[in-house]
Amino acid sequence: MQLSTYFLSLQNPPSLSYRHRLCHHSLSKRPFRHKLICSLANSADQRSSELVTTLQSETLKTLEWPSLCNYLSPFTSTSMAFSLTKAAAIPVGQSREESQKLLDQTTSALHALEALKSEPLDLSVIEDVSEILHSAASGQVLTVRELCRVRRMLGAARAVSEKLAAIAEGGSLERYTPLLEILQGCNFQLELERKIGFCIDCSLSTILGRASEELELIREERKRNMENLDSLLKEVSVSIFQAGGIDKPLITKRRSRMCVGVKATHKYLLPGGVVLNVSSSGATYFMEPKEAVELNNMEVKLSNSEKAEEMAILSLLTSEIAESEAEIKYLLDRLIEVDLAFARAAYAQWVNGVCPILSSKESEMLISNGADNALSIDIEGMQHPLLLGSFLSNSTDFITSNSMGPSVLGNKSGEMTPIKSSKVVSNFPIPIDIKVQCGTRVVIISGPNTGGKTASMKTLGLASIMSKAGMYLPAKKQPRLPWFDLVLADIGDSQSLEQSLSTFSGHISQICEILEVASKESLVLIDEIGSGTDPSEGVALSTSILQYLKNRVNLAFVTTHYADLSRLKEMDPQYENAAMEFSLETLQPTYQILWGRTGDSNALTISKSIGFDGNIIERAKMWVESLMPEKQQERKGVLQQSLMEERNRLEAQFKRAESLHAEIMKLYHEVRSEAENLEERERALRVKETQKVEQELNAAKSQIETVVQEFENQLQTANSEEFNSLVKKSESAINSILKVHQPGDSFSFTETDTSSYQPVSGEQVHLKGLGNKLATVVAASEDDDTVLVQYGKIRVRVEKSNVRPISSSQRNNVISSRQSFERQGEQSREVPSNSDATGSGAITYGPLIQTSKNTVDLRGMRVEEAEIQLDMAISARGSNSVLFIVHGMGTGVIKERALEMLRNHPRVMKYEQENPLNYGCTVAYIK
């Protein structure tokens, strides 16, 4: 049967339903190309892009950008993104908008990591099929395994898109928009994926018969032919066996043809048969029976036709992949972007990073117009990323070995597991603050050797590149810095024997090239400017270079040991000085930047601290004194030390004032909150009192009913002589119950009594607006219905209708308390006398203002319950605080027990008993 090997009729594959409609990418769209680290800027002077590329490459190597990218590589999931990070070829924004887009993608990926905790996004199944696409485009026919790899990649890409769309539907769409925009416009080649799945069984790596009608017919005919051939050979082999021509029936394949085994001595049993092969011993012949020749020929023919048809199917699928090469490559590039976004997000969690703000010139102008000390660069608590990465790698199980692939962060199923950041903020590396005011163009950093000048400058350079690449910074709060088109650095020794360059020549050559390509948006970093030559000429040349840079770059950071360069700020406000702090007590640098200051090199001090010969140090000091007869260096050091001490003193005062201000504001808000809630508290108190009265009334009724019931029961059995005694006994019991529940003198004043009440100066009264608190009348106004009262330390004028006189029993208590107040005050002060003598004035307890948070109310409790509540309240109070214990007047049992506990409690520094202005309350001072 003649079959066509050039025409393939594909049956319609079954329709599949998907949750989301997949968007198709037009062929007119250009495929994504990775943005290289070097961003090429076109300026008016048409500077050479090759020189820019060379300088950028050298700068990245100087700042150790490849090492930082290595810390990012283990967070990737695909082999493609892993290779990019290992090669330090991750995308970097060519404009502020592109960098902001990368930062938005990182933020969106962070939200996705939080949303996908229970079911992480699996990007590790995205295979690199770029070589397969290249082979298809070059005309090579793809194998079944290669086609299955393309199908798996397309299916995984579609699954990633669907999962991102699902979390966006379940949460805030704005959060995930930057991630969804990456895959927007991609053609996921759904039809191609279906065709491959319809034609090939990827689990068995075989082409299915349904792939074409011809292939299906060929395989059916071949199956029938093989059945006939197998049946024939079985009959022949059995007959040979029965004739003694073989030990057991044997059917095998030789030279691609089916045959039977027969002993050499019995080959006559197959007349006309063809010998296809002979065993190594020569005892067995493998012969094709004459009757099987035609069937074997058909098997060979059908087998060849099947292979040709399969090759035609593979060719057609390969051609379709070749036609879609650009779209599939574009899809791969977008998936790499997604993987890198999640890698940057996981890295941000690892280092506790924060998102930087990229400021523009317009925003800097608005900020500078709104504040006198506006900052163009405001980075607080920035840690060097490389030092931090090294520290975290050594302190955790994080391994950045090159042998580890993208599966370092994967679980057993290969899914990406979100990285949890450690909440413990490390003090290593020491964080630094970089704060540059708007309008500053040159920052001159001076200070000791090994003081951290170069490391601080590298930290700024890395922060700029990381923000351009969409990476979070290991800093505090929200750092702000400009977007720099170029970051150019001259750090280290530029000596080159091959190019006959000395240290100074290499240094100047590098600066010359930097000046040639720098623009108004560039960041220039120069270490030890003007070094390696005569100091006087070095200062002159450095000054000229800095004046040139001032008008041609966005910002220049330079380090120097030349003190004369620090004087440039006196002549031009566009210069700023900074110094690396050096402790004269420990003779060690603190690695902190002191802005607006100039620093000393402290070369002799550092040399002595590292063990240099003492005699040499002494001779050097003598030379310094001879070169500086007026001992300016010594006076400068003393002045610096005094300034440092003054700064530390002012900082300590500021912290104390800030702490006191926070405490006062806290008390203010508490008092304000309580004042706003007085009416609600009064209503609640009335409800509580009403409930209490009802409870007492119910209790009295219950007790009286019990007495009456008992009287009735006894009356049934009593005789006439006992009747009078039972009546008297019941009346006495009822009178006792009524006496117990009879209200006291506090209820003797009614509204009619208070309406005609006239308070007098010095009298104790109840204030209705403060929950019936006791206050002292200071003065009564005759002109209007108001009265001036004092409550604690507060004096306030209230209406007479809000003043209620105290009861007679309370008035008697007030009189007795006034007489014993001074005696009680002296007794209460005897307890803390020793501690006050030793630490007078050292401890402050803040203003004595009673609030709900510093008050424990023991009224109405049993003694045991009051002990527990008071002990818990003392334990809960912080150090150097006060506690108000409200024990009431009552029988005094609660009060006596409270005072006894205060005298013996180890945390109570002292206590002040109640006074005429604050009855029923004791103030305790907690250590």
Side-chain angles (χ1 to χ4, degrees), residues 10-25 31-32 76-82 112 116 119-133 135-136 142-169 179-180 182-208 210-211 313-314 316-339 341-342 406-407 410-416:
L10 282 175
Q11 298 180 2
N12 293 327
S15 59
L16 303 177
S17 60
Y18 292 94
R19 203 159 49 121
H20 302 283
R21 179 178 296 177
L22 302 178
C23 53
H24 293 272
H25 171 64
F32 169 76
T76 59
S77 297
T78 64
S79 59
M80 300 164 286
F82 182 80
L116 294 170
E119 192 177 351
L121 188 67
D122 187 7
L123 292 171
S124 62
V125 294
I126 305 293
E127 300 183 49
D128 185 6
V129 296
S130 54
E131 291 296 329
I132 298 176
L133 296 176
S135 299
L142 301 180
T143 65
V144 171
R145 293 184 181 276
E146 289 174 335
L147 288 170
C148 287
R149 287 184 60 188
V150 174
R151 178 176 177 268
R152 283 195 299 269
M153 187 279 295
L154 294 175
R158 178 171 47 80
V160 169
S161 176
E162 291 177 353
K163 197 160 191 177
L164 290 178
I167 63 172
E169 290 177 1
L179 273 181
L180 297 176
I182 297 177
L183 296 176
Q184 187 176 3
C186 290
N187 186 353
F188 293 93
Q189 300 294 329
L190 178 60
E191 192 65 27
L192 178 59
E193 180 191 348
R194 288 176 176 176
K195 285 184 179 180
I196 297 175
F198 182 78
C199 296
I200 299 175
D201 185 353
C202 290
S203 60
L204 300 177
S205 297
T206 58
I207 300 177
L208 298 173
R210 65 186 182 185
I313 294 172
L314 295 178
L316 183 58
L317 293 176
T318 300
S319 64
E320 293 201 13
I321 289 177
E323 292 176 0
S324 305
E325 178 197 13
E327 294 180 340
I328 297 176
K329 281 187 175 180
Y330 181 86
L331 176 61
L332 275 178
D333 292 335
R334 300 283 78 78
L335 291 171
I336 293 173
E337 280 195 54
V338 173
D339 190 12
F342 277 99
S407 61
N411 53 27
K412 292 182 179 180
S413 61
E415 296 178 342
M416 183 179 65

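Only a predicted model underlies this, so the values are computations on that prediction, with no experimental measurement involved.
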K.L.:
Work out which heavy atom in Ala112 is nearest to a heavy atom in Ile167; give both atom names and the distance.
P.N.:
CB-CD1, 3.8 Å

K.L.:
Taking all non-hydrogen atoms of both residues, which atom of Leu335 and which atom of Leu183 are closest, and how far apart?
P.N.:
CD2-CD2, 4.0 Å

K.L.:
With the side chain counted from C-beta on, respond yes when Phe342 and Ser77 share a heavy-atom pair under 4.5 Å apart, and no when they do not.
P.N.:
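In short, these two side chains do not touch, never coming nearer than 4.5 Å.
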
K.L.:
Answer whether the closest heavy-atom distance between the side chains of Leu190 and Leu154 falls below 4.5 Å.
P.N.:
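In short, these two side chains do not touch, never coming nearer than 4.5 Å.
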
K.L.:
CG/Leu331 to OG/Ser161 distance, rounded to the nearest 0.5 angstrom?
P.N.:
9.0 Å

K.L.:
What is the distance from atom OG1 of Thr78 to atom CG of Leu123, rounded to the nearest 0.5 Å?
P.N.:
7.0 Å

K.L.:
For the residue pair Ile126 and Ala157, what are the closest heavy atoms and their distance?
P.N.:
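Scanning both residues, the minimum pair turns out to be CD1-N, 3.7 Å.
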
K.L.:
State, yes or no, whether a side-chain contact exists between Tyr330 and Asn187 at a heavy-atom distance under 4.5 Å.
P.N.:
no

K.L.:
Go through the steps for Lys163 and Leu116 under the test side-chain contact (heavy atoms from CB on, under 4.5 Å), then give the verdict.
P.N.:
CA-CA 10 Å; Lys163 197 160 191 177; Leu116 294 170; 4.0 Å; yes

K.L.:
To the nearest 0.5 Å, tell me how far Arg194 CZ sits from Glu191 CD.
P.N.:
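It comes to 6.0 Å.
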
K.L.:
Evaluate the criterion side-chain contact (heavy atoms from CB on, under 4.5 Å) for residue pair Val150 and Ile132; output intermediate values, then yes/no.
P.N.:
CA-CA 8 Å; Val150 174; Ile132 298 176; 3.8 Å; yes

K.L.:
Can you sort out the partners of Ala322 under side-chain contact (heavy atoms from CB on, under 4.5 Å), two or more places apart, ordered by chain and number?
P.N.:
Ala136

K.L.:
Can you confirm whether Ile321 sits close enough to Leu133 that some side-chain heavy atom of one is under 4.5 Å from a side-chain heavy atom of the other?
P.N.:
yes

K.L.:
In Å, rounded to the nearest 0.5 Å, how long is the span from CD1 of Ile196 to SG of Cys148?
P.N.:
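So the gap between those two atoms works out to 7.5 Å.
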
K.L.:
List the residues meeting salt bridge (charged side-chain N to carboxylate O under 4.0 Å, His left out) with Glu127, not counting sequence neighbours, and say none if there are none.
P.N.:
Arg149, Arg152

K.L.:
Using modelled atom types and a 3.5 Å cut-off, is there a donor and acceptor pairing between side-chain atoms of Arg210 and backbone atoms of Phe198?
P.N.:
yes

K.L.:
Identify the heavy atoms of Glu193 and Gly155 that sit nearest to each other, and give their distance.
P.N.:
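Heavy-atom minimum between the residues: OE2-CA, 3.5 Å.
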
K.L.:
State, to 0.1 Å, how close Leu180 and Ala168 come at their nearest heavy-atom pair, and which atoms those are.
P.N.:
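In terms of heavy atoms, the two residues are closest at CD1-CB, 3.6 Å.
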
K.L.:
Any side-chain heavy atom of Glu146 sitting closer than 4.5 Å to one from Thr318?
P.N.:
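Of all side-chain heavy-atom pairs linking Thr318 with Glu146, none is under 4.5 Å.
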
K.L.:
Nearest 0.5 Å please: distance from the CG atom of Asp333 over to the CD1 atom of Ile328.
P.N.:
12.0 Å

K.L.:
Hey, does Val144 have a side-chain heavy atom less than 4.5 Å from the side chain of Leu314?
P.N.:
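Side-chain contact under 4.5 Å: yes.
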
K.L.:
Side-chain contact, heavy-atom cut-off 4.5 Å: Leu317 with Ile200?
P.N.:
yes

K.L.:
If we only count heavy atoms from C-beta on, is the Met80 to Asp339 side-chain gap below 4.5 Å?
P.N.:
no

K.L.:
Would you give the length of the straight line joining atom CD of Glu323 to atom CD of Glu325, rounded to the nearest 0.5 angstrom?
P.N.:
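That separation rounds to 11.5 Å.
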
K.L.:
The criterion is side-chain hydrogen bond (donor to acceptor under 3.5 Å, both in side chains); which residues satisfy it with Ser319, sequence neighbours excluded?
P.N.:
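Ser319 satisfies side-chain hydrogen bond (donor to acceptor under 3.5 Å, both in side chains) with no other residue.
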
